[in-house]
Amino acid sequence: MILVTGGAGYIGSHTNKALNQAGYETVVVDNLCKGYETFVKWGNFEDYDFGSGDLREVFEKYDIDGVIHFAAFSSVAESVELPQKYFKNNYKNTLNLLKIMREFGVDKFILSSTAAVYGNPEKIPITEDQELKPINPYGHSKWITEKALEREAEKGDFNYVSLRYFNAAGCDFDCEVGELHDPETHLIPLVLDAAIGKRDSISIFGTDYDTPDGTCIRDYIHVNDLASAHIAAYEYLCEKGESNIFNLGNGQGYSVREIIDMCKKVTGRDFDVEIADRREGDPDILIADASKIRNELGWQPKYDLECIVSSAWKWHQKINNI
Ligand code: UFG
């Protein structure tokens, strides 16, 4: 049985579905502060806070073999406002989870990490061995969690894989689960809101970046590709019994303008685009060098940007009754 914390959230619910489809048994633990119980359509569900000592009850009830840990706060902007909230939940509560895992002899752990651990990278594409210099509390909270895992693994009888996501995007092709943040801050769902007229326009946060069209470049990866990478990482832990860290991206960058153009193409709708000030803390370019996970786990992403936007559009139409 795999324990999936945060399995009622965006990436967690897609991965929980993929795990069950691959034949794994799962128990989702989620306190539903950000997630949706309706997203837990596969496996078992337990309404617990992963940072609480009560979580032991879940370990007593189920025969847990490993933990895939999605539960975390992930808004960069909020982390700047409320750093303690991020350090407490993302770091301190993870230590609590690790302690309980030790007590129950559970030795496999996968962490949802982030490209935010790199801060403003020194070179593009970004390799895993680049120096980590997070520039916001969110990235910092994940970085110190990675460090805690490294120390835990050094003690023995414990292995982890840390997956550093670039920009998760897209939705389940069957629309059984999808992206539903409140408030929504991510580019693609906001652009799709403009496409359906829920917003008057989409704002581009800065056009004076050091990129060909002046807007920020990011590496967007389909959430189903992220899900399959977690399964590959879990199999690696089972077979190799080694710890490792991998970037999860497509290795290809798209500017904000290119994303908007793709959304216009996929939806067939036009909408206003406004130029706004830069958003604080946005690096010019983030693109993964995703060769390490390809070489070591044989995993590679399947879905391109058009597929990412098409699947997000299908979900967007469903939740907005279009
Ligand atoms: N953007 C706009 N207008 C908007 C929203 C976003 O121009 O209305 C721009 C942003 O400035 C950025 C790009 O679109 O350049 C992508 O922004 P997102 O908010 O969708 O994603 P981020 O790259 O900021 O953040 C993502 C994850 C974070 C993670 C980070 C790692 O959501 O959790 O990648 O770099 F920390």
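All residue numbers in this chain count up from 1 along the given sequence. In listed order, ligands and their atoms are each counted from 1.
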Taking R278 for the side chain and D208 for the main chain, is one N or O donor matched with an acceptor at less than 3.5 Å? yes
Could you tell me which atoms of ligand 1, counted from 1 in the order shown, lie closer than 4.0 angstrom to a heavy atom of I202? 8 (O)
Using the ring centroid of each side chain, check whether H14 and Y10 are separated by less than 6.0 Å. yes
Provide the number and element of each atom of ligand 1 under 4.0 Å from a heavy atom of T185. 5 (C), 19 (O)
Is there a polar contact, in the sense of an N or O pair closer than 3.5 Å, between Y165 and ligand 1? no
Can you list everything that forms a salt bridge (Lys or Arg N to Asp or Glu O under 4.0 Å) with D107? Sequence neighbours excluded, please. none
Under 4.0 Å from a heavy atom of I204: give me the atoms of ligand 1 that qualify, with their elements. 7 (O)
Where does Y138 meet ligand 1, judged by heavy-atom distances below 4.0 Å: at the side chain, the backbone, both, or neither? side chain
Parallel, tilted or perpendicular for Y303 and H222, by the 30°/60° rule? tilted
Sidechain-backbone polar pair: Y86 side chain, K142 backbone, donor-acceptor under 3.5 Å: no
Could you identify the single nearest non-hydrogen protein atom to atom 27 (C) of ligand 1 and state the distance to 0.1 Å? H186 NE2, 4.1 Å
K61 and N44: side chain donor to acceptor below 3.5 Å: no
What protein heavy atom is closest to atom 11 (O) of ligand 1, reported as residue, atom name and distance in Å? D282 OD2, 2.6 Å
What atoms of ligand 1 come closer than 4.0 angstrom to any heavy atom of V76? 36 (F)
Show which atoms of ligand 1 fall inside a sub-4.0 Å distance from at least one heavy-atom site of Y220. 13 (C), 16 (C)
Checking side-chain polar atoms at under 3.5 Å, does Y138 have a donor or acceptor matched by the opposite partner on E78? no
For atom 8 (O) of ligand 1, the option (of V273, L190, I259, D219) bearing the nearest heavy atom: L190
If the plane angle is over 60° it's perpendicular, under 30° parallel, otherwise tilted; pick one for H69 and F109. tilted
For atom 1 (N) of ligand 1, the option (of F73, F205, Y10) bearing the nearest heavy atom: F205
Verify the distance criterion only: is there a donor paired with an acceptor across the side chains of E25 and Y62 at less than 3.5 Å? no
Atom 35 (O) of ligand 1: nearest protein contact (heavy atom, Å): L286 CD1, 3.1 Å
Considering distance alone, does some N or O of N167 sit under 3.5 Å from an N or O of ligand 1? yes
For ligand 1, which atoms sit closer than 4.0 Å to a heavy atom of C216? 15 (O)
Looking only at the side chains, is there a donor atom on one of N20 and T26 sitting less than 3.5 Å from an acceptor on the other? yes
What protein heavy atom sits nearest atom 3 (N) of ligand 1, and how far away is it? S203 O, 2.7 Å
Say whether, by atom type as modelled, one donor and one acceptor occur between the side chain of D219 and the main chain of N250 under 3.5 angstrom. yes
Atom 29 (C) of ligand 1: nearest protein contact (heavy atom, Å): T114 OG1, 3.6 Å
hydrophobic_cluster_shared for W313 and V273, side chain cutoff 4.5 Å: yes
Can you tell me the protein heavy atom closest to atom 20 (O) of ligand 1 and the distance? L187 N, 2.8 Å
When distances are taken from atom 9 (C) of ligand 1, the protein heavy atom at minimum range is V256 CG2, 3.8 Å
For S74, take its heavy atoms, then give the atoms of ligand 1 lying under 4.0 Å from any of them. 33 (O)
Evaluating non-hydrogen atoms only, which member of E280, R279, R218 is closest to atom 19 (O) of ligand 1? R279
